[in-house]
Amino acid sequence: LNRIYPFKRKKAAGEERWYEKIGVQYSGRLTNSISTKDDLLFKQGLSKWNNGMQHNIPVSATFTLFKYFNVVPSFNYTERWYTYRQEKDWDDLRDTLRTDTIYGFNRVYNYDMSLSMNTKMYGFYKPSKAIFGDKIEAIRHVFTPSVSFSMAPDFGAHRYGYWDTYSYYDADGELVTQEYSPYQGAVFGVPGKGKTGSVSFSMSNNIEMKVKSDRDSTGVRKISLIDDLGASLSYNLAAKRQPWSN
């Protein structure tokens, strides 16, 4: 689905309101596959097929803050539909891992949010004709700073049910706990574990010089002195050690 603006007025009067800039898109994928012999293809039941459906809904907008700052908030939502899940448990009597396949409708979703802001600052310098002559008309410096923030909750938390554990005693009598996901091996995967969050800072510089030129029809020619000189730095909000990037 192409981007739509659900809050935009059909008959707008006056300036565009902030909520009218919110845009929504949608994409979906449905798959149903099986690996089998050709003479058994139409004899296999639904439980033998590996199927699922995935929905992606990104929501974003672009606002102008205080006339000079571009602010872009975004929200991305992903949902997966599966027809089964596999629960594992250790059978102490048989000393083996037991896997139970439970059929039914299962929703597996995750989301993340981000916010970025940037602006442009312009500086102009006219060199002294006494020093540089009249060949150089002007030098322009464009400085572009930006800051961004992103975060996603820990979908490995027990309340989501996307990850679980089973325990058993090894040959040395030590208790071993293994972690697994009931949706491992599913066609569209499973959300990862761990909370994520970061703040990033970046800046770039561009310097151009305008000189007189007889070879150009306009009489002037632009020369790039620095095409893009930049630096970036980020801070990992979820890291307990060394949260700053290099």
Side-chain angles (χ1 to χ4, degrees), residues 25-38 40-59 74-114 148-200 234-245:
Q25 290 178 281
Y26 168 82
S27 63
R29 291 178 59 198
L30 172 65
T31 180
N32 188 38
S33 62
I34 191 172
S35 179
T36 186
K37 296 182 179 179
D38 54 357
L40 299 176
L41 178 61
F42 298 104
K43 297 178 182 180
Q44 302 284 2
L46 184 62
S47 61
K48 301 297 183 181
W49 291 75
N50 192 13
N51 46 57
M53 188 171 187
Q54 179 174 264
H55 312 271
N56 293 104
I57 305 176
V59 183
S74 64
F75 175 83
N76 296 294
Y77 180 82
T78 302
E79 181 168 308
R80 308 159 186 83
W81 291 353
Y82 296 137
T83 57
Y84 68 91
R85 68 180 189 273
Q86 292 183 327
E87 295 187 354
K88 298 182 180 182
D89 191 18
W90 189 262
D91 189 338
D92 293 326
L93 295 177
R94 296 191 175 107
D95 196 28
T96 186
L97 180 63
R98 182 175 61 237
T99 302
D100 294 328
T101 302
I102 302 174
Y103 295 96
F105 179 72
N106 298 275
R107 290 176 59 242
V108 180
Y109 66 89
N110 65 286
Y111 57 86
D112 62 82
M113 296 168 284
S114 65
S148 62
F149 166 77
S150 63
M151 66 85 60
D154 181 11
F155 290 100
H158 181 72
R159 66 178 181 273
Y160 293 106
Y162 302 156
W163 294 87
D164 206 345
T165 60
Y166 64 88
S167 301
Y168 65 95
Y169 288 94
D170 61 12
D172 299 326
E174 297 290 336
L175 182 64
V176 179
T177 300
Q178 292 284 352
E179 193 171 40
Y180 76 99
S181 172
Y183 305 101
Q184 279 180 325
V187 289
F188 297 116
V190 61
K193 300 178 295 178
K195 178 182 178 182
T196 61
S198 67
V199 180
S200 301
S234 65
Y235 183 84
N236 188 344
L237 299 173
K240 296 181 178 179
R241 296 180 63 254
Q242 298 181 341
W244 289 100
S245 67

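Heavy atoms only: backbone and side chains are in, while hydrogens, waters and symmetry mates are out.
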inquiry  = Please check: side-chain N/O of T165 versus main-chain N/O of T177, any donor-acceptor pairing under 3.5 Å?
reply    = no
request  = Using the salt bridge (Lys or Arg N to Asp or Glu O under 4.0 Å) rule, collect all pairs that involve residues 175-187, keeping only residues at least two apart or in two chains.
outcome  = E179-K193
request  = Measure across D154 and K195 and return the closest heavy-atom pair with its distance rounded to 0.1 Å.
outcome  = CB-N, 3.7 Å
key: With S33 via side-chain contact (heavy atoms from CB on, under 4.5 Å) - residues at least two apart   = N50
ask   = Which residues satisfy the side chain to side chain donor-acceptor pair (under 3.5 Å) test with D89, sequence neighbours excluded?
value = R98
request  = Find out whether Y168 and Q178 are in side-chain contact, i.e. whether some heavy atom of one side chain is under 4.5 Å from a heavy atom of the other.
outcome  = yes
query = Hey, is the main chain of Y162 close enough, under 3.5 Å, to the side chain of S181 for a donor-acceptor pair?
reply = yes
Any residue meeting salt bridge (charged side-chain N to carboxylate O under 4.0 Å, His left out) with R85, in chain and number order, not counting sequence neighbours = E87
note = By side chain to side chain donor-acceptor pair (under 3.5 Å), Q25 pairs with (sequence neighbours left out) R3
ask   = For the residue pair S200 and S234, what are the closest heavy atoms and their distance?
value = OG-CB, 3.6 Å
query = Given N76 and N56, is the side chain to side chain contact (heavy atoms under 4.5 Å, CB included) satisfied, shown in steps?
reply = CA-CA 7 Å; N76 296 294; N56 293 104; over 6 Å; no
message = My understanding is that only residues two or more places apart in sequence, or in another chain, count here; which of them pass side chain to side chain donor-acceptor pair (under 3.5 Å) with S198?
response = S150
query = For T99, which residues count as a side chain to side chain donor-acceptor pair (under 3.5 Å) partner, sequence neighbours excluded?
reply = none
ask   = What heavy-atom pair brings S167 and W90 nearest, and what distance separates the two atoms?
value = O-CB, 3.3 Å
request  = Kindly assign one of parallel, tilted or perpendicular to the pair F155 and Y111, based on the angle between their ring planes and the thresholds 30° and 60°.
outcome  = perpendicular
Nearest atoms (heavy-atom pairs only) where V108 meets Y82 = CG2-CD1, 4.0 Å
ask   = Regarding N110 and R80, is there a side-chain donor-to-acceptor distance under 3.5 Å anywhere?
value = yes
task = Mind checking side-chain contact (heavy atoms from CB on, under 4.5 Å) for M53 and listing every partner two or more places apart, or none if nothing turns up?
result = Y26, L30, H55, W81
Contact list for residues 163-173, test salt bridge (Lys or Arg N to Asp or Glu O under 4.0 Å), sequence neighbours left out = none
key: Partners passing salt bridge (charged side-chain N to carboxylate O under 4.0 Å, His left out) against R107 (at least two apart in sequence or in another chain)   = E79
R94: partners by salt bridge (charged side-chain N to carboxylate O under 4.0 Å, His left out), with sequence neighbours left out = D91
ask   = Looking at M113 and F75, what are the two nearest heavy atoms and their distance?
value = CG-CD1, 3.3 Å
inquiry  = Among residues at least two apart in sequence or on other chains, which ones pass salt bridge (charged side-chain N to carboxylate O under 4.0 Å, His left out) with E174?
reply    = none
ask   = How about Y160 and P153: do any of their side-chain heavy atoms sit closer than 4.5 Å?
value = yes
message = side chain to side chain contact (heavy atoms under 4.5 Å, CB included), that's the test. Do F188 and T31 meet it? Break it down for me.
response = CA-CA 9 Å; F188 297 116; T31 180; 3.7 Å; yes
Shortest non-hydrogen separation from W163 to G156 and the atoms involved = CD1-CA, 3.8 Å
